[in-house]
Amino acid sequence: MYPLSEILTSSNASYLQYISKKTGFLISGKKPEKIQWLWVHLLKLYHEKSIKKILNFNERYAFEELLNNFGYIPNSECGAVHEAIENKIPWIFKYPHGGIFIPLELIKTLMQDEEYFKHNYFFSLLKKLTLKEQKDFASFLGNSYETQANLSFEKNQLDMALVLYIWFARQFIHRKNLSFEFIEKGRIINSPFSFLRENTKSKNNSLSEEGILPEKPVFLWSYLQNAFGGRSSEIEKWIVLMREAKKGFYRSLSLAASPKNRLVEIFKMGLLMPILPHKLNTNKNIENIKAVTPREIFSFLKQRNEKMNNIHLKN
């Protein structure tokens, strides 16, 4: 979640020398036009170099790990395999303070590659939203000072997707403002992705009623009815607002449910992302809305659960 253009303007001579040597592009100064031509050069290298061809199996796994961690691996988690992918891929760089990263400028390029959308990466799911839905999503995330300070409204779909991606990257990389009440009020079953609703004493509350964060796209309404059966009225109101009032996806949700509602929380935290059909407001298209847990979030929850299990084992 770091832009190379900003890092270059504040870096020392040795880092500029590293960039020049790595990319084969001489940076003789920090002028904006020099950095712009560097990106033209990197984009050419991006299209010429195939990840599958230049990385072995372990290195491809490390590359996926880098993507899953919002394009940044800190120094404490970097190993030889991470150094290998930094050496082989011209647009993966050492971070000045340690670790490796994919610059945000390249994340915008990855957004436009359908291959990443097939694997449900957060940046691709955000890019697939229309500009209006992206802006509605930004408004939906809240009116706190921090939100207002970090979420700008852009005129370009790619730029708006990147703003939202940076927002979520900061939340998950720095572990800021993360409350998993949505899951933790329930009873954890086997994994961080499975939970039972809070009324665990109910006779009807069984393993068949567990809600599972979907690793692959599922039809939204049937999924929500299974995971949030007690929220049928909010779900129905949400659908009506989209169908009859012609409101957007996030705008309708914000009007249908209270801010602390679990339906709101799961989307506000990024645990579910919608995959919206073209021309959303038609009956058939509303029925065909799908949802999926972004790969980055899935990976984060898995790591978090492993750490919690290790803590319990030590105790």
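None of these values were measured; they are calculated from a predicted model. Residue numbers run from 1 in the order of the sequence given.
Between Phe140 and Ser254 the shortest heavy-atom distance is CD1-CB, 4.0 Å. A pairwise comparison of heavy atoms in Ala138 and Leu151 identifies O-CD1, 3.8 Å as the closest pair. Closest non-hydrogen pair, Gln225 versus Ser232, comes out as OE1-OG, 3.1 Å. Scanning all heavy atoms of the two residues, the minimum distance from Asn156 to Leu158 falls at OD1-N, 2.8 Å. Of all the heavy atoms in Leu42 and Pro90, the pair that sits closest is CD2-O, 3.6 Å. When all heavy atoms are compared, the tightest approach of Val264 to Ala257 is CG2-CB, 3.8 Å.
Residues Leu129 and Pro274 are in side-chain contact: their nearest non-hydrogen atoms beyond the backbone lie under 4.5 Å apart. By the 4.5 Å heavy-atom criterion applied to side chains, Glu234 and Trp238 are not counted as neighbours. Between Leu213 and Ile266, the closest side-chain pair of non-hydrogen atoms falls below 4.5 Å. For the pair Arg251/Leu241, no side-chain contact is recorded, criterion being any heavy-atom separation below 4.5 Å from C-beta on. Contact annotation: the side chain of His97 never approaches that of Asn75 to less than 4.5 Å [non-hydrogen atoms, C-beta and beyond]. Contact check for Tyr46 versus Leu110: side-chain heavy atoms found under the 4.5 Å cut-off. In this structure, the side chains of Leu4 and Ile19 come closer than 4.5 Å at one or more pairs of heavy atoms. Put simply, the side chain of Leu272 reaches to within 4.5 Å of the side chain of Pro214, judged on heavy atoms.
Other cluster members for Phe219: none, since no ILVMFWY side-chain heavy atom sits under 4.5 Å from it.
Lys94 pairs by the salt bridge (Lys or Arg N to Asp or Glu O under 4.0 Å) definition with nothing, not counting sequence neighbours. Remark: Pro259 engages no residue in a side-chain contact (heavy atoms from CB on, under 4.5 Å) (not counting sequence neighbours). Applying the salt bridge (Lys or Arg N to Asp or Glu O under 4.0 Å) rule to Lys246 yields no partners; only residues at least two apart in sequence or on another chain are considered. Residues passing the side chain to side chain donor-acceptor pair (under 3.5 Å) test with Lys132 are Asp136, sequence neighbours excluded.
Residue pairs meeting the salt bridge (charged side-chain N to carboxylate O under 4.0 Å, His left out) criterion with at least one member in residues 286-301, sequence neighbours excluded: Glu64-Arg295.
Aromatic ring centroids of Tyr72 and Tyr2 lie under 6.0 Å apart. If you look at Phe101 and Tyr95, their ring centroids are closer than 6.0 Å.
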Let's go through Thr23 and Phe93 carefully: what are the C-alpha distance in whole Å and the side-chain angles of both, what is the deciding distance for side-chain contact (heavy atoms from CB on, under 4.5 Å) to 0.1 Å, and is it a yes or a no? CA-CA 10 Å; Thr23 62; Phe93 298 92; 3.8 Å; yes
In sequence, state the C-alpha distance, the side-chain angles, and the governing distance for Thr293 and Asn120, and then conclude on side-chain contact (heavy atoms from CB on, under 4.5 Å). CA-CA 8 Å; Thr293 298; Asn120 308 312; over 6 Å; no
Go through it in stages, so that I can follow the logic: the residues are Thr130 and Gln157, the test is side-chain hydrogen bond (donor to acceptor under 3.5 Å, both in side chains), and I'd like the CA-CA distance, side-chain angles, deciding distance and then a yes or no. CA-CA 7 Å; Thr130 65; Gln157 189 180 12; over 6 Å; no
Show your reasoning for whether side-chain contact (heavy atoms from CB on, under 4.5 Å) applies to Leu280 and Glu133. CA-CA 11 Å; Leu280 177 62; Glu133 282 292 351; 3.9 Å; yes
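Ring-plane geometry between Tyr250 and Phe137 is classed as parallel, the angle between the planes falling under 30 degrees on a 0 to 90 degree scale with a further cut at 60. Classified by interplanar angle (parallel below 30°, tilted 30° to 60°, perpendicular above 60°), the ring pair Trp221/Phe249 is tilted. Note on ring orientation: taking the six-membered ring where Trp is involved, the planes of Phe300 and Phe172 are perpendicular (angle over 60°, cut-offs 30° and 60°). Aromatic ring orientation, Phe123 versus Tyr121: parallel (interplanar angle below 30°, classes split at 30° and 60°). Between Trp91 and Phe63, the ring-plane angle classifies as perpendicular under the 30° and 60° cut-offs.
For the atom pair Leu126 CG and Tyr165 OH, the distance stands at 9.0 Å (nearest 0.5 Å).
Under the 6.0 Å distance and 45° angle rule, Lys128 counts as a cation-pi partner of Phe117.
Side-chain polar atoms of Glu105 and Ser5 form a donor-acceptor pair below 3.5 angstrom. For the residue pair His82 and Glu65, a side-chain donor N or O sits within less than 3.5 Å of a side-chain acceptor on the partner.
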